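Nothing here was measured: the structure is a model prediction, and the numbers come from that model. Just so it is clear: chains get the letters A, B, ... in the order the sequence lines come, proteins before strands, and each one is counted from 1. What's counted below: heavy atoms across the whole structure, side chains too, no hydrogens, waters or symmetry copies.
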2 protein chains.
Amino acid sequence: MEMTKALEDYLKTIYTIETERGSVGVSDIAETMNVKAPSVTTALQRLRKLGLVDYQPYQEVHLTEKGFRVASKIQERFQVLYDFLLLLGIGDEIANLDACEIEHVAHRETIACLTEFLKFMREGPRMPKWLSCFKEFQESGKFPEQCSGL
Amino acid sequence: MEMTKALEDYLKTIYTIETERGSVGVSDIAETMNVKAPSVTTALQRLRKLGLVDYQPYQEVHLTEKGFRVASKIQERFQVLYDFLLLLGIGDEIANLDACEIEHVAHRETIACLTEFLKFMREGPRMPKWLSCFKEFQESGKFPEQCSGL
DNA sequence: GCAAAATGTTAGACTAGTCTAACATTTGTT
DNA sequence: AACAAATGTTAGACTAGTCTAACATTTTGC
């Protein structure tokens, strides 16, 4: 068997809940993911086969060490994408949804590139100005006066 | 029934082949998508039910007017994503793969934002300089001297 | 104009994912 | 301690997508 997008989503959800609240039950996962309990059970059985969760029927769910590592990677990818979309001016709800989907498909190189981009934008001395010009361009469709120096 | 990611891919492929070569056969689609012929047949039957292709068994495939419209939208989304990834410095092969996946999941707002970004980068008078600074930053991890004016 | 090759379809199996309904276990309350 | 409520699992159905193998149709070349 193999890791799929759906399983990645389950893994990330477990990671988030475990990090935030400590204990993870089937119904927590089901609620968070807008899915019914039986779907969670089957997903957990697959994640267990993959060695990503510790889980016995009717017991609490925990990530294995491997599961934790994999989930962290997924989470990092998500964060880069989410931050990037926010930077572009996308609302947090849509940024969240899109980052959640894109995180499953973007290649490593793409994520690396976006990471560089974010760093460049955050650390560059004139980037705040650049960004406010972009915002104004988005709204007016024109390059603002005070941005001709960019 | 409903439009799925896989069907969007079939539709886009048909669009591309029909535009480039005029006539579209099952095996053309199968080859392009690295899929076997029976998968194409079932996809075509679904696309027909959705009113997106004209198709009779053993005959050539054609997009309907509606199919053409939908495919164009998908193609446009793809192009924005592809151009954006290229701009960021991602190689064309990976840019192509990622754009193909992201096109199915990115919200309209996200595409619109990236469109604005591309326009901003292409039309802004100092953007070529900005971009070459980004490239150098990517390679060296530092903000180049001649870019302090950005 | 017929036979062979190429192309396309159907049948049937398999996987991943979802659901509902029925059943099982655990928890918590009195 | 026992039963009710909450939680979790299993069984079984369904969809979308894929494949291979077998069959059907069209095209092509002699």
I need the [atom1]-[atom2] distance between [X] and [N], as an integer number of Å.
{"X": "A:Asp9", "N": "C:dG17", "atom1": "CG", "atom2": "P", "value": "10 Å"}
{"X": "A:Tyr58", "N": "C:dT27", "atom1": "OH", "atom2": "P", "value": "12 Å"}
{"X": "B:Lys5", "N": "C:dA16", "atom1": "NZ", "atom2": "P", "value": "17 Å"}
{"X": "B:Met1", "N": "D:dC14", "atom1": "CE", "atom2": "P", "value": "18 Å"}
{"X": "B:Gln59", "N": "D:dT25", "atom1": "CD", "atom2": "P", "value": "12 Å"}
{"X": "B:Glu2", "N": "D:dC14", "atom1": "CD", "atom2": "C1'", "value": "15 Å"}
{"X": "A:Glu60", "N": "C:dT25", "atom1": "CD", "atom2": "C1'", "value": "15 Å"}

Contacts under 3.5 Å, N or O only, protein and nucleotides 1-5 of chain D:
none

Would you jot down, in residue-number order, the residues of residues 39-57 of chain A having a non-hydrogen atom under 4.0 Å from DNA chain C?
->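 Residues of residues 39-57 of chain A that come under 4.0 Å of DNA chain C are, in numerical order, A:Ser39, A:Thr42, A:Arg46.
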In residues 29-37 of chain A, which ones come under 4.0 Å of DNA chain C, going by heavy atoms?
->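 Of all residues in residues 29-37 of chain A, the ones placing a heavy atom under 4.0 Å from DNA chain C are A:Val35, A:Lys36.
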Using the test salt bridge (charged side-chain N to carboxylate O under 4.0 Å, His left out), find all partners of B:Arg69 that sit at least two apart in sequence or belong to another chain.
->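 Applying salt bridge (charged side-chain N to carboxylate O under 4.0 Å, His left out) to B:Arg69 gives B:Glu65.
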Would you please name every residue forming a salt bridge (charged side-chain N to carboxylate O under 4.0 Å, His left out) with A:Asp83, sequence neighbours left out?
->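 Here the qualifying residues are A:Arg122.
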Which nucleotide sits closest to the side chain of A:Ser27: D:dT7, D:dA21, C:dA16?
->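 Taking heavy atoms from C-beta onward, the closest nucleotide is D:dT7.
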Out of D:dG8, C:dA16, C:dA11, which nucleotide sits closest to the side chain of A:Val26?
->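 Nearest listed nucleotide: D:dG8.
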Intermediate values then yes/no, side-chain hydrogen bond (donor to acceptor under 3.5 Å, both in side chains), B:His107 and A:Asp98 = CA-CA 7 Å; B:His107 279 78; A:Asp98 279 3; 2.5 Å; yes
Kindly say whether the aromatic ring centers of A:Trp130 and B:Phe120 come within a distance under 6.0 Å.
->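 That pair passes the under 6.0 Å test.
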Atom NZ of B:Lys135: over 12 foreign heavy atoms under 6.0 Å =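 Yes, NZ of B:Lys135 has more than 12 neighbouring heavy atoms, counting only those of other groups under 6.0 Å.
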Starting from the C-alpha separation in whole Å, work towards a yes-or-no answer on ring pair (Phe, Tyr, Trp, His ring centres under 6.0 Å) for A:Tyr10 and A:Tyr55.
-> CA-CA 14 Å; A:Tyr10 281 104; A:Tyr55 152 76; over 10 Å; no
Are any of the side-chain heavy atoms of A:Ser72 and A:Tyr15 separated by less than 4.5 Å?
->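 SC-SC contact between A:Ser72 and A:Tyr15 confirmed.
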Give me the one residue out of B:Lys5, B:Arg77, B:Arg108, B:Lys12 that meets salt bridge (charged side-chain N to carboxylate O under 4.0 Å, His left out) with B:Glu103.
->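 Going through B:Lys5, B:Arg77, B:Arg108, B:Lys12 one by one, the salt bridge (charged side-chain N to carboxylate O under 4.0 Å, His left out) with B:Glu103 is satisfied by B:Lys12 alone.
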Salt-bridge present (B:Asp28, B:Arg21; N to O < 4.0 Å) |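 Answer for the salt bridge query: yes.
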OP1, OP2 of D:dT18 versus side-chain N and O of B:Tyr10: anything below 4.0 Å?
->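 It does, given that an N or O in the side chain of B:Tyr10 lies less than 4.0 Å from OP1 or OP2 of D:dT18.
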Of B:Val61, B:Val70, B:Val53, which meets side chain to side chain contact (heavy atoms under 4.5 Å, CB included) against B:Leu47?
->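 Of all the options given, the one that passes is B:Val53.
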Residues in ring-ring contact (aromatic ring centres under 6.0 Å, His included) contact with A:Tyr82, at least two apart in sequence or another chain |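 So A:Tyr82 forms a ring-ring contact (aromatic ring centres under 6.0 Å, His included) with A:Phe78.
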